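Predicted model, so just to flag it, every value in this text is computed and none were measured.
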Amino acid sequence: MTTTDIAVRTTDGSTFSIGELSSRTGVSHRSLRYYEEQGLLLAERTPAGHRRYDEEAVQRVALVQRLFAAGLTSAEVQPVLPGLVEEGYRTEDLVEVLREHRARLQQEIAWQLDTIDILDEVIEYHGQP
């Protein structure tokens, strides 16, 4: 099942436009359309083809933004998002993907710290007249 297969609705059934979702989340219309293209966000359509979102779309966009801020790509977010949104889709694979990403970040940090140490040594050695 893909992210777009998971329909989320507000209890009162109210929906709002892409402009309103953009205002509520601070995410551009263009990015919201991209999220939909990538299967990260579900938009219902009016008979005229206008996108309509429910209240849970605000939380979904915030979650996608947090995952992007953590360095995940849309291709990495797409398969794990259903399990983060709905407990019924949560699997050990989801946790493993996030753990692997975290491990890569830890390796990058260690490399960066080593690089800083080398630069400090060079500065200390060559910085003295």
Side-chain angles (χ1 to χ4, degrees):
M1 178 166 285
T2 66
T3 304
T4 55
D5 292 331
I6 301 169
V8 286
R9 297 185 181 276
T10 56
T11 54
D12 66 1
S14 63
T15 61
F16 45 88
S17 69
I18 193 169
E20 178 69 18
L21 182 59
S22 177
S23 294
R24 290 182 183 202
T25 61
V27 176
S28 71
H29 296 102
R30 182 177 180 183
S31 292
L32 294 172
R33 286 189 293 271
Y34 173 78
Y35 294 176
E36 184 180 351
E37 289 170 9
Q38 297 300 306
L40 306 176
L41 182 62
L42 175 65
E44 293 186 23
R45 299 290 183 141
T46 67
H50 298 115
R51 290 172 174 85
R52 300 300 296 176
Y53 299 95
D54 60 24
E55 194 62 42
E56 289 194 33
V58 175
Q59 288 80 29
R60 182 177 289 246
V61 169
L63 178 57
V64 168
Q65 288 283 291
R66 287 194 50 83
L67 293 169
F68 283 167
L72 279 79
T73 66
S74 59
E76 293 169 316
V77 171
Q78 201 281 333
V80 299
L81 191 59
L84 296 173
V85 173
E86 261 187 67
E87 193 171 325
Y89 294 101
R90 204 159 293 153
T91 65
E92 185 59 35
D93 290 341
L94 168 129
V95 175
E96 189 58 32
V97 166
L98 297 176
R99 284 188 181 128
E100 287 172 6
H101 181 73
R102 187 178 187 284
R104 282 192 308 272
L105 289 174
Q106 283 182 310
Q107 289 174 342
E108 290 174 24
I109 290 168
W111 179 80
Q112 293 287 339
L113 290 172
D114 288 344
T115 301
I116 289 171
D117 289 342
I118 292 167
L119 285 172
D120 285 345
E121 290 171 9
V122 170
I123 290 167
E124 184 178 327
Y125 181 80
H126 293 285
Q128 304 297 326

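- Once rounded to the nearest 0.5 Å, the distance linking CZ of Arg60 with OH of Tyr53 reads 11.5 Å.
- The side-chain heavy atoms of Val27 and Val64, taken from C-beta on, include no pair separated by under 4.5 Å.
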Donor-acceptor pairs under 3.5 angstrom involving side-chain atoms of residues 105-125: please list them, not counting sequence neighbours.
from, atom 1, to, atom 2, distance (Å)
Gln106, OE1, Arg102, NH1, 3.4
Thr115, OG1, Trp111, O, 2.9

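- Taking all atoms of both residues into account, the shortest heavy-atom contact from Phe68 to Thr73 is CE2-C, 3.8 Å.
- With hydrogens and angles ignored, the 3.5 Å screen pairs no side-chain donor or acceptor of Gln78 with any backbone N or O of Ala75.
- Atom CG in Leu40 sits 10.0 Å away from atom CG in Leu63 (nearest 0.5 Å).
- Here side chain to side chain donor-acceptor pair (under 3.5 Å) pairs that include residues 26-35, with residues two or more places apart or in two chains, are Ser28-Ser31, Tyr34-Ser74, Tyr35-Gln65.
- Of all heavy-atom pairs between Glu55 and Gln59, the closest is O-OE1, 2.9 Å.
- Partners of Val95 according to the side chain to side chain contact (heavy atoms under 4.5 Å, CB included) rule, which considers only residues two or more places apart in sequence or in another chain, are Glu92, Arg99.
- Formation of a donor-acceptor pair under 3.5 Å by the Ser22 side chain with backbone atoms of Ile18 is not found in this model.
- A donor-acceptor pair under 3.5 Å is absent between the side-chain atoms of His101 and the main chain of Glu76, judged by distance alone.
- Taking CG from Leu84 and CG from Leu94, the interatomic distance works out to 4.5 Å, rounded to the nearest 0.5 Å.
- Of the listed residues (Glu44, Glu20, Glu36), just one forms a salt bridge (Lys or Arg N to Asp or Glu O under 4.0 Å) with Arg51, and that residue is Glu36.
- Here CZ of Arg52 is found 10.5 Å from CG of Leu21. Values are rounded to the nearest 0.5 Å.
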